[in-house]
Amino acid sequence: MLGSMARKLRMFGFDTLYYNGLDDSTLLDKCVRDCRILITSDEELFQHASRLGVRSILVKGNGVDDMAHVLRLLGIRSIAFDISNARCSLCNSMIRHVISKDSLTLTGLPDEVLERYENFYRCDGCGKVYWEGSHIKRILEFEKGVNNRLAEVE
Ligand SMILES: [Zn+2]
C-alpha cells in the first residue's frame, strides 16, 4: 500500500526496500538483520514490530502529510531533491549521469525527448533512464509541499 511512499523516498536518496505481501515475521526479521526502520500502514504489524523493539513508523498513506510525518520522526527537517544522490524509484539502486547521448539510442527513448533534454541518468541496477522532465517537476512540487509542512510549528 505504501509503494508510492517507497518510490518517493528512493528519489530523495533514502535507501528504501519495499515489500508487498511478505509475511510479517520475515519482514520483521529483515528489519532486525539489516537495521532498517519499518514504515507501514498496517497497525497490527506496527504493534508487532514495537513489541519486538523494531523501530517502526505508522502512516495512513502516501501523501505530503504522511511523508512529513515520517521525516519528522526520523529527525529530518527538510528534503532537497538532488538527482546525483537519488535512487531508482523502481529498484533502489543508484542513478548515474549518462555522459553521452549516443549510448541512449539503444534504450528506445523517443527522439523528441533526446532532442529536448540534455541530461540523462541511468539506473545502475535495472537500467531505467531518467531525465529532467515532468516526473522531476512533480518530485519538486512534492518536495515543496513536504518542506512547507515540516516548517510548520507542531
Ligand atoms: Zn532501477
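All ligand and atom numbering here is 1-based and tracks the order in the structure. Throughout, numbering of the chain's residues begins at 1 and tracks the sequence. What's counted below: heavy atoms across the whole structure, side chains too, no hydrogens, waters or symmetry copies. Every value quoted in this text rests on a predicted model; they were computed, and no experiment measured them.
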Next item on the list: Examine Lys144 relative to Phe142 and say whether NZ or CZ is less than 6.0 Å from the centre of the six-membered ring and inside a 45° cone about the ring axis.
Entry: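 That pair does not qualify as a cation-pi contact.
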Next item on the list: May I ask you to determine how many protein N/O/S atoms are under 2.8 Å from the Zn ion (ligand 1)?
Entry: 4
Notebook entry, point to check: Only one of Ile95, Leu90, Asp15, Asn92 clears side-chain contact (heavy atoms from CB on, under 4.5 Å) with Arg10; which?
Noted result: Asn92
Check: Val64 pairs by side-chain contact (heavy atoms from CB on, under 4.5 Å) with which of Arg149, Lys8, Glu141, Glu143?
Finding: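 Among Arg149, Lys8, Glu141, Glu143, the one meeting side-chain contact (heavy atoms from CB on, under 4.5 Å) with Val64 is Arg149.
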Taking only distance into account, with no hydrogens and no angle test, what donor-acceptor pairs under 3.5 Å do side-chain atoms of residues 26-34 form with protein atoms, sequence neighbours excluded?
from  : atom 1 : to    : atom 2 : distance (Å)
Thr26 : OG1    : Asp23 : OD1    : 2.7
Thr26 : OG1    : Asp23 : OD2    : 3.0

Going by atom type alone, with no hydrogens or angles, which donor-acceptor pairs under 3.5 Å involve a side-chain atom of residues 75-82 and a protein atom two or more places apart or on another chain?
from  : atom 1 : to    : atom 2 : distance (Å)
Asp82 : OD1    : Ser84 : N      : 3.0
Asp82 : OD1    : Ser84 : OG     : 2.7
Asp82 : OD2    : Ser84 : OG     : 3.2

Note to self: My understanding is that only residues two or more places apart in sequence, or in another chain, count here; which of them pass side chain to side chain contact (heavy atoms under 4.5 Å, CB included) with Leu73?
What the structure shows: Ile57, His69
